[in-house]
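Let me begin by presenting the structure, written as structure tokens, before commenting on it.
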Amino acid sequence: MTRIKRGYIARRRRTKIRLFASSFRGAHSRLTRTITQQKIRALVSADRDRGRKKRDFRRLWITRINAAIRKGGVSHSYSKLIHNLYNRRLLLNRKILAQIAISNRNCLYMILNKINPESLPESLPESLPEALPEALKTPQALLRINGGFFYRTS
């Protein structure tokens with residue numbers, strides 16, 4: 001009987017697994033069974049930590065916003081700020097607010113003053129863009145902040 005030689009498919013599969021684990025140390029990059037176990041463990045950790053990273057960044061943004069608000073002595077708490085932003089339908093998420101709080105704190109204080117429920121503008125600003133739709137020219141739909149315009153979605 002003639003000798004049957006194995007094909008290359010298993011070797012190709014193992015090579016692909018080894019390339020994934022090439023940066024691991026010791027047997028974790030050399031032995032096929034150990035590489036497979038470590039690959040599963042690494043992928044599980046990566047999947048878990050993607051969600052954790054989103055959570056951690058959100059916590060960081062909330063902490064930065066809260067610190068900026070309390071440092072300025074403004075009579076807002078973080079929860080009231082977010083509640084007023086939601087009621088005014090302003091398109092500023094926590095990431096953008098945190099960047100504004102770090103880079104331009106005066107702009108954050110102007111936003112805080114504008115979103116107070118008592119300070120709703122009675123009349124329109126003097127200069128409105130001509131291309132602005134009529135639906136957005138009402139005082140309730142437009143807030144003029146620092147020369148720029150923040151529009152509501154409805």
Side-chain angles (χ1 to χ4, degrees), residues 13 15-29 31-154:
R13 177 177 49 85
T15 304
K16 193 161 57 171
I17 293 172
R18 281 199 176 95
L19 285 175
F20 179 85
S22 62
S23 62
F24 296 171
R25 293 182 62 179
H28 297 249
S29 66
L31 305 178
T32 304
R33 279 189 195 169
T34 316
I35 289 173
T36 308
Q37 292 169 357
Q38 287 304 114
K39 178 181 178 183
I40 292 170
R41 186 172 178 177
L43 293 175
V44 166
S45 297
D47 184 51
R48 180 194 64 227
D49 291 339
R50 271 194 298 275
R52 185 174 287 172
K53 184 170 79 170
K54 292 181 182 80
R55 226 177 343 209
D56 289 344
F57 270 108
R58 184 183 167 101
R59 287 176 62 192
L60 175 68
W61 297 331
I62 289 172
T63 305
R64 285 178 175 171
I65 294 167
N66 202 9
I69 291 170
R70 291 179 191 273
K71 186 175 182 183
V74 183
S75 63
H76 269 86
S77 67
Y78 170 77
S79 59
K80 287 180 184 175
L81 167 68
I82 296 298
H83 177 73
N84 289 337
L85 282 174
Y86 180 76
N87 285 343
R88 292 294 182 109
R89 294 186 184 97
L90 288 177
L91 300 175
L92 293 171
N93 58 15
R94 288 163 181 85
K95 179 180 178 181
I96 298 301
L97 281 174
Q99 288 176 351
I100 290 172
I102 289 174
S103 63
N104 191 356
R105 195 161 287 169
N106 290 335
C107 183
L108 178 70
Y109 295 149
M110 293 177 76
I111 293 171
L112 292 176
N113 291 333
K114 291 291 184 180
I115 65 167
N116 277 340
E118 303 87 39
S119 66
L120 188 67
E122 296 299 324
S123 62
L124 291 174
E126 299 78 35
S127 60
L128 284 176
E130 306 315 59
L132 192 65
E134 280 301 314
L136 291 177
K137 289 187 179 180
T138 61
Q140 290 80 20
L142 176 68
L143 291 173
R144 186 164 187 251
I145 301 173
N146 199 14
F149 292 94
F150 292 90
Y151 301 107
R152 290 186 178 194
T153 55
S154 62

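All residue numbers in this chain count up from 1 along the given sequence.
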Without placing hydrogens or testing angles, list every side-chain donor-acceptor pair under 3.5 Å for residues 32-43, not counting sequence neighbours.
| unit_1 | atom_1 | unit_2 | atom_2 | d |
| --- | --- | --- | --- | --- |
| Thr32 | OG1 | Arg18 | NH2 | 3.1 |
| Thr36 | OG1 | Thr32 | O | 2.8 |
| Gln38 | OE1 | His28 | ND1 | 3.4 |
| Gln38 | NE2 | His28 | ND1 | 3.2 |

The residue among Ile82, Leu85, Leu60 that forms side chain to side chain contact (heavy atoms under 4.5 Å, CB included) with Arg94 is Ile82
One should read off an interatomic distance between Leu97 CG and Ile69 CD1, to the nearest 0.5 angstrom, of 8.0 Å
For Arg64, the side-chain hydrogen bond (donor to acceptor under 3.5 Å, both in side chains) test, sequence neighbours excluded, returns none
Residue pairs meeting side-chain hydrogen bond (donor to acceptor under 3.5 Å, both in side chains), one or both in residues 48-60, sequence neighbours left out, come to Asp47-Arg50
In terms of heavy-atom contacts, Ser29 and Ser22 come closest through CB-O, 4.4 Å
Distance col, row Arg25:CZ vs Ser23:OG, nearest 0.5 angstrom, shows 11.5 Å
Show your reasoning for whether side-chain contact (heavy atoms from CB on, under 4.5 Å) applies to Ile115 and Leu81. CA-CA 8 Å; Ile115 65 167; Leu81 167 68; 3.4 Å; yes
| request: Assign the ring pair Phe24 / Phe20 to parallel, tilted or perpendicular, where the plane angle (0 to 90°) is split at 30° and 60°. | output: perpendicular
By side-chain hydrogen bond (donor to acceptor under 3.5 Å, both in side chains), Thr15 pairs with (sequence neighbours left out) none
> Got a donor-acceptor contact below 3.5 angstrom from the Asn113 side chain to the Tyr109 backbone?
Replying inline: yes
### Message
Does either side chain, that of Asn66 or that of Arg70, offer a donor lying less than 3.5 Å from an acceptor on the other one?
### Response
yes
